[in-house]
Amino acid sequence: MTDITQPAATPAMTDTNTTRLPGIPGLLGAQIAYQARLLLANGRTVVVGLGLPVILLITAVSHGHVSALTAASRGSFGLTLTAWNTYGIRLVAAREAGILKRWKATPLPRSAYFLARILATMLVAVAAGAVTIAVGVLLYHTPITATAALGVLIVFILGAAAWAATATALTSIIPTVEAAGAIMIAIYFPVIIISGVVGQISEPHWLHTLASYLPAQPVIHGATVALRYHAGSGPLLPAHDLIVLAAWALGGLIAAVALFRWEPHRPTQRRPSRAR
Amino acid sequence: MTAVAVDNLTKRFGDLAAVDGVSFEVPEGQVLAVLGPNGAGKTTTLEILEGFVSPTSGTVRVLDTDPCRGGRRWRSRIGLVLQSTSLDPELTVEATLALYGSLYPRAWRVEEVLEMIDLTEDAQTHVGVLSGGQRRRVDVAIGIIGRPEVLFLDEPTTGLDPEARRHMWAAVKRLTQAGTTVLLTTHYIDEADHLADRVIVLASGRIVTDTTPEQMRAQGGPSTIRCPLPAGVNATDLPDTLARHLDPDTRTLEISSDDLTGSLRDLLAWADRHHYQLTGLEVGPPSLEDAYLTAIGQPLAL
């Protein structure tokens, strides 16, 4: 049995004002690692973020080859599913279970927890997209160079930030896990379908223009352009895609900070006065 | 030193006063149980002390700080367990505790906390597969891992089986021996009796009793002798001193008096004379439950 009655253990006897709090960079790093482990330990994350896109990649193999466009779109599918659906639903679940509330009461800076959840999601989402493209490169002759890979990475990081930040903002106003599942999917599928994640859509033209300002199509287009990059082929990344994704990331983050809630929605708090 | 000071605290939700003019102080090292029926204002009071809810009026100080303005330093000196268990299910008990421990300047080592909550054998178990009682103990472990000076426990044993409750009580007791100030809410009078130095009873947002478990017990009335008459015994056989305590419907003697030993002597002498076996004889202390029900204004169930 631990001897917890020894004087050194008595709270009153320690001068708490001279004890240093742990440094914030270390705490942030540990929290990102923890959140990423939570995501990866959850089977659904892995199946949805990796399994599904890879299956869709394999079904699109033609004569043993997967094109840059197909690899980019399937990779974007894994990335967006992770950074939007998996992340958003888990965030609501954690909030409604009181997990966020508990973290709010710890000495971890609240901004560190908030950022760690988003950064860990971006890490796993980018990995999901990268693994899908790697399957294309390693098994089905999808063209790639080191420069192209760097371009894809930049697009994926921006894309993951755009989706995760926007999801953080939206989920703040969703009261239950059930509603989160329904609302996230109802927004997600129209966006990714018009953006060409599961097959290119060229008509009508206005739909294509609309999609180019939503955060899915620029990820696919940017990654495709990057994969096809070779010396003299023009810029590595289209400025339009980068600007759209950065705008979604920044706007999403501002909205997320403004709307974020730590505590569960509790209708019982506003119960009417009882007749007694 | 006063660890917690509450002065004329009121919290309204719409036109409902969840907490209505409550004042009390908790000296350092005291274990205070806040009892009361559902909706009495226990959790609201605790959440104000924890800094989650701001009061409508009145002042609150925890470790000489307004909880709503408590920063990282202050948060490192308090610990809490919310009413519902709130844990990520995916990782092991040890990984979970290690992460929470890393947030505090003078945290217990994970092995020490595992011993305190009696979960050493489940260190490598995933939180999601633990039983409800074990999960609740992990919740308490997170609450205490930073060596808090003040610990808030909101119904720590509600819904646990009797054995799990005993485990929980043991963990809290070990902690209080180290001098931690504890505020716990509970529905269970025996829990307050077991753990607390002091009991506050809330009803409809107001303090109706502020006392010790011993004094509260004394308010429950005198001790009682209960004894069902053995089969075949004629009630008219009873001596007059005992006969007037007989409930003819249940054929049970119910003696509540200040002179219990005298009554007991009479009863045993009578049984001895007639060679009766008093198999159902009970001598009980005054019930804390009765005192509690009196305090919150419920009729006694007799």
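All of these numbers come straight from a predicted model, not from anything done at the bench.
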Legend entry - Which of B/Thr85, B/Asp139, B/Ile78 touches chain A most, by non-hydrogen pairs under 4.5 Å: B/Asp139
Legend entry - From B/Ile142 atom CD1 to A/Arg102 atom CZ, the distance as rounded to the nearest 0.5 Å: 5.0 Å
Inset, instruction - For B/Arg73 and A/Pro107, indicate whether the former's side chain and the latter's backbone hold a donor-acceptor pair under 3.5 Å. - result: no
Inset, instruction - Quick one: which of A/Trp103, A/Trp262, A/Tyr34 has the most heavy-atom pairs under 4.5 Å with chain B, could you say? - result: A/Trp103
Legend entry - Side chain, backbone, both or neither of A/Ala97 within contact of chain B (heavy atoms, under 4.5 Å): backbone
Legend entry - Under 4.5 Å from any heavy atom of chain B - which part of A/Leu27: side chain
Inset, instruction - Keeping to residues at least two apart or across chains, list the ring-ring contact (aromatic ring centres under 6.0 Å, His included) pairs with something in residues 65-92 of chain B. - result: none
Legend entry - Any residue of residues 128-137 of chain B which, by heavy atoms, sits under 4.5 Å from chain A: none
Inset, instruction - Not counting sequence neighbours, which residues clear ring pair (Phe, Tyr, Trp, His ring centres under 6.0 Å) with A/Phe189? List them please. - result: none
Legend entry - Distance, nearest 0.5 Å, that separates OH of B/Tyr104 from OG1 of A/Thr106: 5.5 Å
Legend entry - Separation between CG of B/Asp88 and CG of A/Leu39, rounded to the nearest 0.5 Å: 10.0 Å
Enumerate donor-acceptor pairs with a distance under 3.5 Å from any side-chain N or O in residues 47-56 of chain A to protein atoms, sequence neighbours excluded.
none

